[in-house]
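Before any comments, here is the structure.
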Number of protein chains: 2
Amino acid sequence: MKYEEAKDKFISTWGSLGSLWGINKAMAQIQALLFISTKPLSMEDIMDELKISRGNTSMNLRQLMDWGIVTKELIPGERKEFFTTEKDVQELTRIIAKERSRREIQPVIKVLNDVSSIKDDGTEKTKELIKQTKALHDLTLNADSMLNKLVTQKQNWLTKSIIKLLK
Amino acid sequence: MKYEEAKDKFISTWGSLGSLWGINKAMAQIQALLFISTKPLSMEDIMDELKISRGNTSMNLRQLMDWGIVTKELIPGERKEFFTTEKDVQELTRIIAKERSRREIQPVIKVLNDVSSIKDDGTEKTKELIKQTKALHDLTLNADSMLNKLVTQKQNWLTKSIIKLLK
DNA sequence: ATAAACTTTCAATAATTATTGAAAGTTTAA
DNA sequence: TTAAACTTTCAATAATTATTGAAAGTTTAT
């Protein structure tokens, strides 16, 4: 496999994986492109490489910047804006996990907490609702914490053990 | 908050959370409904409760059964089929995590592995591609393993400590 | 074998989400 | 101040995904 082929394969795979971490295809592909680029890229560069429109590029870059994953880089003597992404995967994951926790998991924890706190009127169905939403509430907290744990760990000790197991 | 209100709130919230764990709204809502129900429900019951069509109900129940989350229950003397869902959240999570790992994470690990194995031609961009896809490969393995870890743990020791921290 | 009771399938349609492109906005250089 | 270079916005459109409903399929009781 040659460089170009490998690069395209990587970008398109990472793009379609976007759904897994809750971002759209273009956004994931822009991030992937920046991730393997050795130098900052301009909007033009990104549009050309990914064959997407100016508007699409602008909007998705903006969102990536909102997330704190991509930063503007000003290059002396250049009028254009250039962009780079966080290159440390641990840090990248930490940012994404935090963002998703804040946007998606926290609101659910709140609802589960509310629902599991309704007054127990003694009926079986109410008891079941309370019991099961409590269990989900616990699980969600648990998952959220795991997410953060995964992400704040300093060393990838785990990776090493897995690779050992797989070989 | 009364039972009906709490129930509806739970079902709709859980439904909209579906995207987080990669399933569609109707599927998540059916699962939620079964999850808090004290007895198996028929297709009719589900359609009425969630106001969705017969076809939609049938297709999503089928998918939930494919995932192994929902099972058919035959009730003696009844012609209809009845459905129940796994009630143990730990087990539920384990099933979902396994399924997502198989369907989504494994293929990505494969691509990352392929891409990071391209011949190093000595250019900077090739080195960067190799380095960064290797890093992602490790991360993905790591995340996958975490997912499984989260899910196979017997006790929710973590939950307890979080609750303690939050209070 | 027949018909009633029930489930599945799938083409048509609706709803949602992503993308475009051109006009409006902003910044910079001279 | 002007105009060129660049970015952002957003209504229109395209692409994708979910949902319906009715016809076809299946099972069961008689």
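What you see below is based on every heavy atom in this structure, not just the backbone, and it leaves out hydrogens, waters and symmetry mates. Computed from a predicted structure; not experimentally measured. Just so it is clear: chains get the letters A, B, ... in the order the sequence lines come, proteins before strands, and each one is counted from 1.
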side-chain contact (heavy atoms from CB on, under 4.5 Å) partners for A:Gln132, two or more places apart: A:Glu128, A:Ala135, B:Phe35, B:Ile36, B:Lys87

Connected-component partners of A:Ile75 among ILVMFWY, side-chain separation under 4.5 Å: A:Phe82

Contacts of B:Thr85 that satisfy side chain to side chain donor-acceptor pair (under 3.5 Å) - sequence neighbours left out: B:Gln31

Salt bridge (Lys or Arg N to Asp or Glu O under 4.0 Å) contacts touching residues 63-80 of chain A (sequence neighbours left out): A:Lys72-A:Glu81

Transitive ILVMFWY cluster of B:Met59, excluding itself - 4.5 Å side-chain cut-off: none

Duplex segments of DNA chain C, taken as runs of at least three Watson-Crick or G-U pairs that stay under 3.5 Å: C:1-30 with D:1-30

Protein proximity profile, nucleotides 18-30 of chain D - base contact B, sugar-phosphate-only contact S, no contact -, cut-off 4.0 Å on heavy atoms: SSBB-----BB--

Let me check something: any side-chain donor-acceptor pairs from residues 39-47 of chain A under 3.5 Å, sequence neighbours excluded? List them with distances.
unit_1	atom_1	unit_2	atom_2	d
A:Ser42	OG	A:Glu44	N	3.4
A:Ser42	OG	A:Asp45	N	3.1
A:Ser42	OG	A:Asp45	OD1	3.4
A:Ser42	OG	A:Asp45	OD2	3.2
A:Glu44	OE1	A:Arg54	NH2	3.3
A:Glu44	OE2	A:Arg54	NH2	3.2
A:Asp45	OD2	A:Ser42	N	2.9

Residues which pass salt bridge (Lys or Arg N to Asp or Glu O under 4.0 Å) with B:Glu4, listed by chain and number, not counting sequence neighbours: B:Lys7

Pairs flagged by salt bridge (Lys or Arg N to Asp or Glu O under 4.0 Å) wherever residues 106-121 of chain B is involved - sequence neighbours left out: A:Lys9-B:Asp114, B:Lys110-B:Asp114, B:Asp120-B:Lys127

Residues in side-chain contact (heavy atoms from CB on, under 4.5 Å) contact with B:Asn24, at least two apart in sequence or another chain: B:Ala26, B:Met27, B:Asn60

Selection: residues 34-46 of chain B, any non-hydrogen atom under 4.0 Å of DNA chain D: none

